[in-house]
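Accompanying notes for the structure given below.
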Amino acid sequence: MMRGLFSFNVFDLLRGPRLALALSAAAFCPWVAHAASDPVTADAARDDARPTRNEAVWIPSHGASMNGVMFVAAGIDPHPTALLIHGLPGNEQNLDLAQVLRRSGYNVLTFHFRGSWGSPGKFTLAGGVEDTEAALYFLEAPATIAKFHIDPKRLIVVGHSYGGFTATRMATKHREIAGLVLLAPWDPAETIAQFSVPPKELPVAAHQVFDDVDGRLGGVRDVDLAQELLATGYDWHLEKQADGLDNMPILMVTATDDSNDDKGETLRAALAKKSGSNFTTLQMTTDHPFSDHRIALEATVTRWLKERIH
């Protein structure tokens with residue numbers, strides 16, 4: 001989508017004696033003017049009085065303290081703030097998107113669910129929804145708002161994969177959210193059919209779906225997650241959440257090469273009915289983590305936020 005943006009090597013242009021010429025041309029070169037204002041392609045101007053920073057935080061959730069990082073935007077004016085939720089187990093954490101959002105003036109909070117990536121506690125699929133809500137409560141706490149100059153009226157939630165599931169479930173109960181961004185959201189209920197096998201075959205079926213959780217979720221086995229899904233049944237179908245999201249600004253980005261057979265079509269149809277003109281959706285020709293469309297993804301999200309979140 002964005003591959004044709006540059007037709008030359010920028011670093012070759014700036015190397016050696018041509019550096020001064022390139023810098024002197026900044027005032028009238030269209031590309032330089034564009035880059036200076038585009039958070040996808042250029043750093044923001046430094047604020048010496050209140051620069052950007054990363055700050056480790058502990059987020060309380062049901063008796064545990066989850067590991068988190070706040071990407072703090074520059075300046076002291078109230079900032080729109082994004083809660084960025086990774087998938088299961090979190091191999092792709094979308095931290096490049098966090099940096100782009102911060103260059104756009106957003107604070108960004110990332111965290112690890114209980115029992116994942118060193119956060120204490122035990123991971124469960126249902127617990128991740130609780131953890132997502134706990135992270136939102138953390139952002140809405142008066143002390144957090146004051147410390148990080150958060151604008152509580154401009155809180156957005158960005159969820160990828162399983163994080164899209166937890167974000168959707170949580171957003172139905174929190175209409176104070178200013179916007180919801182779903183990146184290749186995973187619908188757990190669609191996986192149940194794969195686990196409808198004789199008990200002795202369940203470990204193999206579970207490993208085919210959750211083959212990368214071992215050692216990353218604090219001792220939770222892939223078969224544990226499969227059994228949790230079987231116990232909840234189809235109540236976790238994502239399209240059932242659409243009734244609680246009517247008129248909420250929502251961006252949904254899906255991938256053609258997603259391993260999810262449905263590829264979000266059922267959820268897309270349900271949200272289109274409920275959110276109407278507030279619902280924006282597009283599909284990219286890439287895989288589940290948007291591996292070769294990262295810049296396109298960043299540009300899409302930032303452009304949508306600029307249009308929708310004022």
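Counting from 1, the numbers follow the sequence of the chain as shown. Bear in mind the structure is a predicted one, so any value in this text is a computation, not a measurement.
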**Asked** Taking C-beta and beyond as the side chain, do Asp43 and Arg103 meet within less than 4.5 Å on heavy atoms?
**Response** yes
*Would you check if Glu265 and Thr254 make a side-chain contact, meaning some heavy-atom pair closer than 4.5 Å?*
no
With sequence neighbours left out, the residues meeting side chain to side chain donor-acceptor pair (under 3.5 Å) with Trp304 are Thr280
With sequence neighbours left out, the residues meeting ring pair (Phe, Tyr, Trp, His ring centres under 6.0 Å) with Phe111 are Phe113
Original post:
Sub-3.5 Å donor-acceptor pair from the side chain of Thr81 to the main-chain atoms of His79, do we have one?
Top reply: yes
Checklist entry - Where do Leu230 and Ile192 land on the side-chain contact (heavy atoms from CB on, under 4.5 Å) test, with the steps shown first? => result CA-CA 6 Å; Leu230 287 170; Ile192 291 176; 4.1 Å; yes
To the nearest 0.5 Å, atom OG1 of Thr52 lies from atom CZ of Arg50 at 11.0 Å
*Do Leu88 and Leu125 touch side chain to side chain, with heavy atoms closer than 4.5 Å?*
yes
With His86 as partner, the option from Gln93, His112, His160 fulfilling side chain to side chain donor-acceptor pair (under 3.5 Å) is His112
For this session: State, yes or no, whether a side-chain contact exists between Val158 and Asn94 at a heavy-atom distance under 4.5 Å.
Result: no
Residue set satisfying side chain to side chain donor-acceptor pair (under 3.5 Å) with His62, at least two apart, ordered chain then number -> none
- Between Val213 and Val220, does a side-chain contact (heavy atoms from CB on, under 4.5 Å) hold up when you go through it step by step? CA-CA 8 Å; Val213 303; Val220 174; 6.0 Å; no
For Pro249 and Ala178 the tightest heavy-atom approach is CG-O, 3.5 Å
- Query: Tell me, do Leu95 and Phe71 make a side-chain contact under 4.5 Å, heavy atoms counted?
  - Reply: yes
Is there a salt bridge (charged side-chain N to carboxylate O under 4.0 Å, His left out) between Asp224 and Arg221 once you walk through the steps?
-> CA-CA 5 Å; Asp224 296 330; Arg221 302 170 302 162; 2.8 Å; yes
**Item:** Derivation and outcome, side-chain contact (heavy atoms from CB on, under 4.5 Å), residues Leu238 and Glu190
**Value:** CA-CA 9 Å; Leu238 272 188; Glu190 291 180 2; over 6 Å; no
Correct closest heavy-atom pair for Ala184 and Asp258 would be CB-OD2, 3.6 Å
Rounding to 0.5 Å, atoms CD1 (Ile59) and CE (Met66) come to a distance of 5.0 Å
Nearest heavy-atom approach of Pro120 to Ala64 is O-CB, 3.8 Å
#### Entry: CA sep, side-chain torsions, deciding dist, call: Asn247, Arg175, side-chain hydrogen bond (donor to acceptor under 3.5 Å, both in side chains)
CA-CA 10 Å; Asn247 297 318; Arg175 298 310 303 268; over 6 Å; no
For Val57 and Leu109, the nearest pair of non-hydrogen atoms, with its separation, is CG2-CD1, 3.8 Å
Residues pairing under ring-ring contact (aromatic ring centres under 6.0 Å, His included) where one sits in residues 133-154, two or more places apart or in two chains, turn out to be Tyr137-His174
Check your understanding: Transitively linked via ILVMFWY side-chain contacts under 4.5 Å: Val204 with Val209?
Key -> no
Taken to the nearest 0.5 Å, the spacing of Asp292 CG from Asp257 CG works out to 8.5 Å
Rounded to the nearest 0.5 angstrom, the CZ-CG distance for Phe210 and Leu225 is 5.0 Å
Review point. Any side-chain heavy atom of Glu239 sitting closer than 4.5 Å to one from Asp187?
Key: yes
Interatomic distance, CD1@Ile177 vs CG@Leu83, rounded to 0.5 Å, equals 8.0 Å
**Prompt:** Got Leu245 and Thr172 here, is their nearest side-chain heavy-atom distance under 4.5 Å?
**Reply:** yes
Looking only at heavy atoms, the pair that brings Leu180 and Ala171 closest together is CD2-CB, 4.1 Å
Q.
If we ignore hydrogens and angles and just use 3.5 Å, is the side chain of Arg294 paired with the main-chain N or O of Leu97 as donor and acceptor?
A. no
ask   = When you measure from the side chain of Ser104 to the backbone N and O of Val100, does any donor-acceptor pair fall under 3.5 Å?
value = yes
For Ser65, the side chain to side chain donor-acceptor pair (under 3.5 Å) test, sequence neighbours excluded, returns none
- Message: Apply side-chain contact (heavy atoms from CB on, under 4.5 Å) to residues Glu133 and Glu130 and explain how you reach the verdict.
- Response: CA-CA 5 Å; Glu133 186 172 43; Glu130 297 173 342; 5.8 Å; no
Heavy-atom closest pair (Pro78 atom, Asp151 atom, distance to 0.1 Å) is CB-CB, 3.9 Å
Say whether, by atom type as modelled, one donor and one acceptor occur between the side chain of Thr132 and the main chain of Ala167 under 3.5 angstrom. no
Residue pair His288 / Glu92, side-chain heavy-atom distance below 4.5 Å
no
Side chain to side chain donor-acceptor pair (under 3.5 Å) filter on Lys147, not counting sequence neighbours, yields Glu55
- [ ] Examine distances only and state if a side-chain atom of Arg102 and a backbone atom of Arg53 form a donor-acceptor pair shorter than 3.5 Å.
- [x] yes
d(Lys122 NZ, Leu217 CG) to nearest 0.5 Å is 11.5 Å
